[in-house]
Asker: 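Dumping the structure here so I can ask a few things about it.
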Amino acid sequence: MTENKNRATAAAILPLVGGAGNITSIVHCMTRLRLGLRDRSLVQDEQLRALPAVLGVVEDDTYQIVLGPGTVARVTPEFEQLVAGDREAACAAPAASAVTVAPVVTAEDLAAQGADMRAERKARNSTPFKLFLRRVANIFVPLIPALIGCGIIAGLNGLMINLGWLPAVTPALASIASGFMALIAVFVGFNTAREFGGTPILGGAVAAIIVFPGVANIEAFGQKLSPGQGGVLGALGAAVLAVYVEKWCRRWVPESLDVLVTPTLTVLVSGLVTIFGLMFLAGEISTAIGDFANWLLANGGAGAGFVLGGLFLPLVMLGLHQALIPIHATLIEQQGFTVLLPILAMAGAGQVGAAAAVYLRLPRNTSIRRTIRSALPAGFLGVGEPLIYGVSLPLGRPFVTACVGGAFGGGFVGLFNQLGDQVGSTAIGPSGWALFPLMDGNKGLGATIAIYAGGLLVGYLAGFLATYFFGFTKPMLEEFNVTPMAEPTPPVASSTPPPTSEPEPEPARV
């Protein structure tokens with residue numbers, strides 16, 4: 001039954017994105033189906049967003065359909081099968097054959113949402129720096145499922161050790177949870193080489209030097225190296241270097257010798273530079289990142305948490321949040337958890353609180369209220385795109401007040417870090433309630449979970465109050481607190497069928 005549902009979702013999406021002939025690439029992350037498209041104009045945005053399984057749409061370097069955690073991993077293989085099986089026929093199939101589904105949100109939401117997303121895409125694609133950050137994110141995103149799985153097992157193992165349960169089993173769980181983290185540098189090197197256009201296995205081979213126990217016998221810069229020194233940052237740098245060495249070899253080495261010379265020189269040159277330079281340099285940077293994060297929260301946790309929680313959503317909108325991914329990975333590798341993620345997760349709590357306030361402030365707008373009801377469950381689980389693009393961002397001011405809620409929630413969690421109660425996450429990716437199984441800290445699991453839950457409650461409440469009292473001006477209420485035209489009252493008898501969509505409105509006033 002579940003397979004039929006996932007296949008039906010995939011089958012409904014395919015014609016709305018222009019058919020199999022319009023698809024150039026298919027990948028997925030934690031929540032989104034990411035599609036490369038030949039012709040963006042073939043996408044039927046309104047019908048796509050109206051599908052029950054679609055939580056939202058984001059335009060970036062790829063066309064991203066938000067399906068939610070779990071669902072996207074099941075729908076993607078079905079979608080790939082449909083594209084593979086229908087590739088030739090889809091090229092000739094008219095896009096108009098797609099089944100039309102009644103829209104769930106108003107035309108006002110869709111128009112403003114589309115305009116904002118187009119502006120967002122233009123802003124994020126405008127600089128080489130943002131393109132570089134996106135490539136770095138592409139290296140770490142495929143690692144998130146393993147980080148989550150191993151993080152949950154590590155948390156379960158810690159709980160069993162504290163309770164004295166099954167002492168014969170806990171060493172095995174510790175090995176399962178720690179094995180991936182012990183070799184994460186290899187996976188980072190593999191993905192880095194693939195992302196930057198090199199041979200993935202050569203990137204992994206060079207990065208493996210970092211975790212090889214034998215480096216303990218090597219001295220560089222007057223000190224002995226230690227296995228793992230430099231961590232994921234060292235692996236990233238080593239693999240990028242390997243890609244450039246490999247490309248240089250491809251240009252100058254004769255084809256008859258390429259199969260022997262190119263991989264040898266790539267591993268040798270990159271390996272020597274890694275051992276006698278990158279490991280030390282990346283190790284110093286990694287140590288500085290950990291020390292700075294701990295110092296920042298220990299000395300100014302409340303203020304730092306307020307700023308980080310309040311600015312995270314704007315960072316996401318600009319694409320700059322991707323710079324935090326290697327920092328999270330470095331903290332997890334060093335300390336076992338990242339203290340930044342629980343603070344940043346408060347931004348989602350502010351969104352939930354703001355959406356609840358919008359729901360109460362617009363009692364007549366049944367369309368927006370229906371959107372909020374459908375998006376709130378995903379919002380509680382940390383999937384914020386439906387609330388951002390379907391509610392707060394199109395309305396304008398509620399997006400700002402949602403950030404205020406995230407700031408207060410982040411300040412709450414940061415305050416406890418300042419008081420000595422470190423609150424961290426053993427993996428990156430999940431947020432909201434979905435982060436509870438991944439919580440870890442220095443004062444016990446119960447205290448850590450209680451602080452995080454308190455931060456969520458503060459974020460919900462602050463986002464609600466800020467939006468309820470300051471999220472709408474009187475002109476905004478007059479504009480939005482009305483019954484949508486698609487639901488006229490009273491009905492007018494007419495032989496002419498009702499319109500299927502509403503006229504495009506003026507932009508929302510902020």
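Source: prediction; values computed, not measured.
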Asker: Mind checking whether Leu344 and His328 have side chains closer than 4.5 Å, heavy atoms only?
Answerer: yes
Asker: With rounding to the nearest 0.5 angstrom, report the CG to CD distance, Leu147 to Glu333.
Answerer: 10.5 Å
Asker: Does NZ or CZ of Arg361 lie under 6.0 Å from the centre of the six-membered ring of Tyr468, at an angle within 45° of the ring axis?
Answerer: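 Verdict for Tyr468: a cation-pi partner in Arg361.
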Asker: Using a 6.0 Å cut-off, check whether atom OH of Tyr460 has over 12 heavy atoms from anything other than its own residue.
Answerer: yes
Asker: Are Val358 and Phe472 packed together at the side-chain level, in the sense that at least one heavy-atom pair is separated by less than 4.5 angstrom?
Answerer: yes
Asker: Please tell me if the side chains of Leu360 and Phe464 come closer than 4.5 Å, counting only heavy atoms from C-beta onward.
Answerer: yes
Asker: Determine whether a donor-acceptor pair (N or O, by modelled atom type, separation under 3.5 Å) exists between the side chain of Ser374 and the backbone of Thr371.
Answerer: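 Yes.
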Asker: Heavy atoms only: give me the nearest Thr467-Pro398 pair and the separation to one decimal.
Answerer: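 Between these two residues, the closest heavy atoms are CG2-CB, 4.1 Å.
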Asker: Between Arg34 and Gln64 (side chain of the first, backbone of the second, donor and acceptor by atom type, cut-off under 3.5 Å), is there such a pair?
Answerer: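 Here the side-chain-to-backbone pair does not exist.
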Asker: Between Leu233 and Pro326, which heavy-atom pair has the shortest distance, and what is it?
Answerer: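 That closest heavy-atom pairing would be CD2-CB, 4.1 Å.
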Asker: Rounded to the nearest 0.5 Å, what's the gap from CG on Leu438 to OG1 on Thr338? Could you check?
Answerer: 12.0 Å
Asker: What pair of heavy atoms forms the shortest contact from Thr448 to Gln422, and how long is it?
Answerer: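 What the structure gives for the nearest pair is OG1-O, 4.1 Å.
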Asker: Give me the ring orientation class for Phe408 and Phe306: parallel if the planes are under 30° apart, tilted from 30 to 60°, perpendicular past 60°.
Answerer: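 Perpendicular, since the angle between the ring planes exceeds 60°.
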Asker: Under the side-chain contact (heavy atoms from CB on, under 4.5 Å) criterion, do Phe212 and Leu225 qualify, and how do the steps go?
Answerer: CA-CA 11 Å; Phe212 178 60; Leu225 296 177; over 6 Å; no
Asker: Within a radius of less than 6.0 Å around CZ of Phe180, do more than 12 heavy atoms belonging to other residues, nucleotides or ligands occur?
Answerer: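 Yes, because the 6.0 Å sphere around CZ of Phe180 holds more than 12 heavy atoms from other groups.
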Asker: Could you check whether any side-chain N or O of Thr62 sits under 3.5 Å from a backbone N or O of Gly36, counting only pairs where one atom can act as donor and the other as acceptor?
Answerer: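 No, the answer is negative, given that no donor and acceptor are paired below the 3.5 Å cut-off.
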Asker: Let me see the working for Ile325 and Ile428 under side-chain contact (heavy atoms from CB on, under 4.5 Å), right down to the final yes or no.
Answerer: CA-CA 8 Å; Ile325 295 179; Ile428 57 178; 3.9 Å; yes
Asker: Are Phe436 and Leu456 side-chain neighbours, meaning at least one heavy-atom pair lies under 4.5 Å?
Answerer: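 Yes; the side chains approach each other to less than 4.5 Å.
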Asker: Looking at every non-hydrogen atom in both residues, tell me the closest pair between Ser270 and Ala242 and how far apart they are.
Answerer: OG-CA, 3.1 Å
Asker: Looking just at side-chain N and O atoms, do Asn138 and Arg135 make a donor-acceptor pair shorter than 3.5 Å?
Answerer: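 Side-chain D/A pair, Asn138 to Arg135: absent.
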Asker: Do the non-hydrogen side-chain atoms of Ile13 and Leu67 ever get within less than 4.5 Å of each other?
Answerer: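 Sidechains of Leu67 and Ile13: in contact.
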Asker: To the nearest 0.5 Å, what is the distance between CD1 (Ile368) and CZ (Arg373)?
Answerer: 12.0 Å
Asker: One pair to check against side-chain contact (heavy atoms from CB on, under 4.5 Å): Gln335 and Asn294. What are the steps and the verdict?
Answerer: CA-CA 10 Å; Gln335 305 174 6; Asn294 292 331; 2.9 Å; yes
Asker: Considering all heavy atoms of both residues, which atom of Leu376 and which atom of Ala355 are nearest to each other, and what is their separation?
Answerer: CD2-CB, 4.2 Å
Asker: So how far is it from Leu296 CG to Gln418 CD, rounded to the nearest 0.5 Å?
Answerer: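 Spacing of CG (Leu296) from CD (Gln418) equals 9.5 Å.
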Asker: Is the shortest side-chain heavy-atom distance between Phe470 and Val404 below 4.5 Å?
Answerer: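 No, every pair of side-chain atoms sits at 4.5 Å or beyond.
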Asker: Could you tell me whether the side chain of Asp440 and the main chain of Gly155 form a donor-acceptor pair under 3.5 Å?
Answerer: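 Here the side-chain-to-backbone pair does not exist.
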Asker: Can a donor-acceptor pair be found, under 3.5 Å and without considering hydrogens, that links the side chain of Tyr452 to the backbone of Gly432?
Answerer: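 Looks like yes, one N/O pair under 3.5 Å.
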Asker: Say you draw a straight line from CG of Asp291 to OG of Ser286; how long is it, rounded to the nearest 0.5 Å?
Answerer: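 It comes to 10.5 Å.
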Asker: Can you measure from CD1 (Ile210) to CD (Gln229) and round to the nearest 0.5 angstrom?
Answerer: 9.5 Å
Asker: How close do Ser425 and Pro342 get, counting heavy atoms only, and between which atoms?
Answerer: N-CG, 4.0 Å
Asker: Is there side-chain contact between Phe312 and Leu340, with heavy atoms separated by less than 4.5 Å?
Answerer: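 The answer is no, as the side chains (C-beta and beyond) never meet within the 4.5 Å cut-off.
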Asker: Do Val72 and Arg32 come within less than 4.5 Å of each other through their side chains, counting heavy atoms only?
Answerer: no
Asker: Can you check side-chain contact (heavy atoms from CB on, under 4.5 Å) on Val240 and Glu195, steps first, answer last?
Answerer: CA-CA 9 Å; Val240 170; Glu195 179 65 26; over 6 Å; no
Asker: Could you point out which residue of Val243, Leu202, Leu241 forms a side-chain contact (heavy atoms from CB on, under 4.5 Å) with Thr266?
Answerer: Leu202
Asker: Please check: side-chain N/O of Thr287 versus main-chain N/O of Glu284, any donor-acceptor pairing under 3.5 Å?
Answerer: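 No; zero donor-acceptor contacts below 3.5 Å.
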Asker: Distance only, no hydrogens: is a donor on one side chain within 3.5 Å (strictly under) of an acceptor on the other, for Ser392 and Gln351?
Answerer: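 Yes, side-chain donor-acceptor contact under 3.5 Å.
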